[in-house]
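Note that the structure is predicted; figures quoted are calculated from it, not measured. Counting begins at 1 with the first residue of the sequence.
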Amino acid sequence: MKKRRSPRHACVQGGGPAEASSVQLPAPAVVVIIVVLLLTAGLAVTGQTLEAIIATLAVGGLVAVELLHRTVAIFTGRVA
């Protein structure tokens with residue numbers, strides 16, 4: 001029988017490890033933030049305009065949401 005894990009297993013520590021007031025951040029949100037920052041920095045370094053960077057991130061986000069919805073629908077058998 002599988003043991004249920006607490007929601008804290010899907011979190012990462014925010015702030016320094018020595019800080020008593022550090023918060024638990026959801027791991028998927030941290031990954032998304034890091035990816036967006038890396039993409040923004042990469043596009044800025046290559047000389048893209050601010051409008052192109054914003055458009056690229058917006059379209060990429062919309063495609064990612066649609067891909068996630070379709071993947072969840074395939075694995076859960078639900079029809080959206």
Side-chain angles (χ1 to χ4, degrees):
M1 183 187 312
K2 282 178 122 177
K3 288 185 179 180
R4 291 186 57 116
R5 298 177 104 184
S6 71
R8 295 187 73 170
H9 284 89
C11 295
V12 294
Q13 189 74 27
E19 294 180 23
S21 64
S22 61
V23 296
Q24 295 289 322
L25 302 172
V30 172
V31 170
V32 168
I33 291 170
I34 291 171
V35 168
V36 168
L37 288 175
L38 288 173
L39 283 173
T40 303
L43 290 170
V45 166
T46 60
Q48 299 294 320
T49 63
L50 182 60
E51 292 84 6
I53 294 172
I54 292 171
T56 302
L57 293 176
V59 170
L62 292 172
V63 169
V65 167
E66 184 63 28
L67 180 63
L68 182 64
H69 282 208
R70 289 178 185 249
T71 304
V72 167
I74 289 171
F75 287 114
T76 60
R78 294 185 314 167
V79 178

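Judged as a side-chain contact (heavy atoms from CB on, under 4.5 Å), and not counting sequence neighbours, the contacts of I34 are V30, L38. The side chain to side chain donor-acceptor pair (under 3.5 Å) search around E51 returns none, not counting sequence neighbours. In terms of the side-chain contact (heavy atoms from CB on, under 4.5 Å) criterion, residue partners of T40 (sequence neighbours excluded) are, by chain and number, V36, I53, L57.
Between T56 and L43 the shortest side-chain heavy-atom distance falls below 4.5 Å.
Identified under the salt bridge (charged side-chain N to carboxylate O under 4.0 Å, His left out) test for residues 60-69, with sequence neighbours left out: E66-R70.
Applying the 4.5 Å side-chain rule to ILVMFWY residues, one finds I54 in the same cluster as L50. Hydrophobic clustering, defined by side-chain heavy atoms of Ile, Leu, Val, Met, Phe, Trp and Tyr closer than 4.5 Å, groups I33 together with L37.
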